[in-house]
Amino acid sequence: MRKMPTQTTLFRFDDSYARAVSGLSVPWTAAPVPAPEPLVLNNDLATELGADPAALREPSGVGLLVGQVPEGTTTVAHAYAGHQFGMYAPRLGDGRALLLGEVIDTHGRRRDLHLKGSGRTPFAREGDGKAVVGPMLREYLLGEAMHGLGIPTTRALSVVATGERVFRERELPGAVLCRVAASHLRVGTFQYAAASGDHELLRKLADYAIERHYPEAAGARNPYLALLAPVVQAQAELMASWMLVGFIHGVMNTDNMTISGETIDYGPCAFIDTFDPGTVFSSIDHAGRYAYGNQPRIAQWNLARLAEALVPLIDERVEAAVEAATDVLGGFAERYEELWSEGMAKKLGLPAPNPELLADLLELMHSQHVDFTRFFRALAAGTARTLFTDPEPFDAWAKRRETLLRADREAVAAAMNRVNPAYIPRNHRTEEALAKATLGDMGEFHRLLDAVSRPFDERPGLDEFTHPAPPGCPPHVTYCGT
Ligand code: AMP
Ligand code: MG
């Protein structure tokens with residue numbers, strides 16, 4: 001018999017995952033929170049989820065957002081494995097996170113509500129299970145920025161300060177994030193199920209993923225191959241959209257890659273300033289594995305790990321399964337290249353991709369350290385020349401571009417401004433806003449959040465958010481273990 005979703009005044013939680021795939025989550029409760037104080041609440045997202053934002057600000061609503069759920073609601077920690085920097089970790093799981101439950105949003109889509117920083121779980125290993133204000137607000141901000149850019153992403157519903165002090169390199173204010181995701185199925189979830197050796201469990205997981213994300217695969221001749229294919233396509237699309245805005249995820253471990261195609265886990269991520277494929281911000285990415293320019297390749301590598309996990313389902317004959325999966329994986333590069341060149345053509349206002357013109361531009365931008373985001377807006381405005389220290393080679397390039405443009409220049413510029421953001425979370429501005437928020441001043445955070453939430457819509461008074469860090473600023477460094 002189908003269990004009825006749990007009734008709360010705010011959400012009707014379902015637990016389809018725990019029911020369909022028992023064995024990949026464990027019931028667990030959130031740690032008590034001494035003095036929950038909402039720092040930021042996403043009104044639009046709450047409304048989209050069918051909740052009343054005002055009710056979420058009531059004590060019972062705030063309680064819910066830190067895991068104090070009504071009786072009858074079972075919160076769970078997910079089990080998953082993952083390759084971290086290429087090394088397989090057989091048991092990661094939600095060390096400091098809990099799934100509150102699933103809700104059907106106002107568009108009829110099933111979404112996960114998931115807490116981060118809700119205390120130690122059986123997967124916590126040596127971790128304290130906690131999260132702190134700065135990194136949780138960073139996840140909120142970056143998720144909204146990505147959403148504003150039209151990039152598939154998990155989004156934060158709230159960040160609630162806990163009133164606790166959490167020990168990192170120093171004492172910091174604790175916080176719990178509530179994140180909303182199409183699901184929390186990761187490549188690492190499949191790796192975990194495959195490594196368990198329990199074929200039934202793996203099949204149940206794959207069937208669940210099909211039903212939740214790619215229902216059309218159910219009717220295919222080989223449903224599991226037909227599951228792999230759209231995941232590969234979704235990730236190729238995601239990588240192209242990251243690359244086109246200069247986003248570096250920073251920790252593309254297989255446990256941080258979703259089956260849904262949403263960006264997940266905003267830890268050491270950051271946007272590039274000047275265009276350089278070798279850009280790395282993360283303090284622990286010594287080898288540059290997750291450098292800006294490596295991301296598509298890494299995504300493909302991660303997808304190969306997913307394919308490996310699916311092999312036993314694809315065909316009993318391993319060789320045949322591997323051959324079929326390899327064929328599907330081959331579609332990644334093709335799709336990625338197509339989207340990258342088409343996307344770049346749009347950014348440049350060109351009616352069609354022009355690989356040579358693009359390669360020459362990127363070379364120029366790289367060698368002259370041109371700000372990636374500013375360049376495209378300036379190109380539309382006719383002021384890009386000023387961004388080059390030696391403008392002559394750019395002038396020559398611009399002449400070549402001119403000959404390819406459509407006649408209606410105003411329309412070309414307008415179309416460019418619809419795909420080229422004016423506002424991104426500039427690293428120095430993000431750090432500044434988070435530092436202030438950590439001290440209790442949320443003003444700067446909200447100003448930045450407002451700018452990046454509507455990134456294409458240039459507004460008076462926000463010019464300060466369009467500038468890269470001033471010269472002399474130390475290089476930007478981001479941290480994991482947040
Ligand atoms: P992440 O870097 O957020 O993707 O986390 C990688 C793994 O470390 C996941 O299994 C997390 O649940 C776990 N983890 C990260 N921070 C903590 C913490 N403070 N306490 C317990 N587990 C953590
Ligand atoms: Mg993670």
Side-chain angles (χ1 to χ4, degrees), residues 24-26 28-31 33 66-67 75-100 112 114-140 142-143 153-154 156 159 162 164-192 195 248-260 262-270 281-285 289-290 298-299 302 305-306 478-482:
L24 293 182
S25 51
V26 287
W28 200 257
T29 52
V33 171
V66 294
T75 51
V76 302
H78 287 135
Y80 52 83
H83 275 89
Q84 299 188 304
F85 289 91
M87 301 280 284
Y88 185 63
R91 192 172 185 269
L92 290 168
D94 288 337
R96 54 161 172 177
L98 287 178
L99 179 71
L100 275 182
D112 277 4
H114 190 252
L115 304 180
K116 203 162 170 176
S118 48
R120 301 189 81 236
T121 76
F123 303 102
R125 290 165 288 154
E126 71 282 5
D128 62 1
K130 303 292 182 184
V132 296
V133 164
M136 294 307 102
L137 287 177
R138 171 186 255 278
E139 172 147 350
Y140 190 113
L142 270 290
T153 179
T154 67
V159 177
T162 60
E164 279 181 322
R165 308 299 294 178
V166 175
F167 193 76
R168 290 291 178 260
E169 47 309 332
R170 59 196 164 100
E171 269 199 344
L172 290 167
V176 173
L177 173 98
C178 180
R179 136 172 113 186
V180 178
S183 86
H184 283 81
L185 302 182
R186 310 146 187 268
V187 171
T189 316
F190 280 83
Q191 292 181 289
Y192 187 93
I248 307 181
H249 183 280
V251 59
M252 287 178 68
N253 296 334
T254 56
D255 53 303
N256 291 338
M257 182 182 266
T258 59
I259 300 304
S260 67
E262 282 183 344
T263 311
I264 197 167
D265 246 332
Y266 293 93
C269 59
F281 293 120
S282 171
S283 63
I284 60 166
D285 191 2
R289 180 180 171 89
Y290 301 140
I298 291 291
N302 288 348
R305 306 291 78 77
L306 175 64
T478 59
Y479 300 92
C480 269
T482 48

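For the single chain, residues carry numbers from 1 onward in sequence order. Counting convention: from 1, in listed order, for ligands and their atoms alike.
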TODO: Report yes or no: does G267 have a heavy atom closer than 4.0 Å to ligand 1?
DONE: no
Task: Short N or O distance, K116 and ligand 1, threshold 3.5 Å exclusive - done: no
TODO: Work out whether the distance between some heavy atom of N256 and some atom of ligand 1 is less than 4.0 Å.
DONE: yes
Atom pairs and distances, side-chain donor-acceptor, residues 78-88, under 3.5 Å, sequence neighbours left out:
| from | atom 1 | to | atom 2 | distance (Å) |
| --- | --- | --- | --- | --- |
| H78 | ND1 | D94 | OD2 | 3.3 |
| Y80 | OH | G93 | O | 3.2 |
| H83 | ND1 | Q191 | NE2 | 2.8 |

Open item on the list: Check whether T75 reaches the backbone of W28 with its side chain - one donor and one acceptor, N or O, closer than 3.5 Å.
Closed with: yes
Open item on the list: Donor-acceptor pair, distance only, cut-off 3.5 Å: does the side chain of H114 make one with the backbone of L177?
Closed with: no
Task: Atoms of ligand 1, numbered as shown, that sit under 4.0 Å from any heavy atom of K130 - done: 19 (N)
Open item on the list: Around the Mg ion (ligand 2), how many protein N, O or S atoms are found at less than 2.8 Å?
Closed with: 2
- [ ] Before signing off on this row, confirm whether D94 and ligand 1 have an N or O atom pair separated by under 3.5 Å.
- [x] no
Task: D128 and ligand 1 - part of the residue with a heavy-atom distance under 4.0 Å - done: both
Task: Flag, side chain of N302 to backbone of M252, donor-acceptor distance under 3.5 Å - done: yes
Open item on the list: Is it the case that ligand 1 has an N or O less than 3.5 angstrom from some N or O of R96?
Closed with: yes
TODO: List in chain and number order the residues that pass side chain to side chain donor-acceptor pair (under 3.5 Å) with T153, two or more places apart in sequence or in another chain; answer none if no residue qualifies.
DONE: Y266
Open item on the list: Has D285 got a side-chain atom pairing as donor or acceptor with Y290's backbone, closer than 3.5 angstrom?
Closed with: yes
Task: R120: salt bridge (Lys or Arg N to Asp or Glu O under 4.0 Å) partners, not counting sequence neighbours - done: none
TODO: Please state whether R168 comes within less than 4.0 angstrom of ligand 1, counting heavy atoms only.
DONE: yes
Task: Side-chain ion pair, R168 and D128, N-O less than 4.0 Å - done: yes
Task: Heavy-atom nearest option to atom 18 (C) of ligand 1, drawn from A81, G95, G129 - done: G129
TODO: Of all the heavy-atom pairs spanning P122 and V26, show the shortest one and how long it is.
DONE: CG-CG2, 4.2 Å
Open item on the list: I'd like to know if R125 contacts ligand 1, where contact means a heavy-atom distance under 4.0 Å to any ligand atom.
Closed with: yes
Open item on the list: When you measure from the heavy atoms of G93 to every atom of ligand 1, does any distance fall below 4.0 Å?
Closed with: yes
Task: Distance filter under 4.0 Å to Y80 heavy atoms, resulting ligand 1 atoms - done: 9 (C), 10 (O)
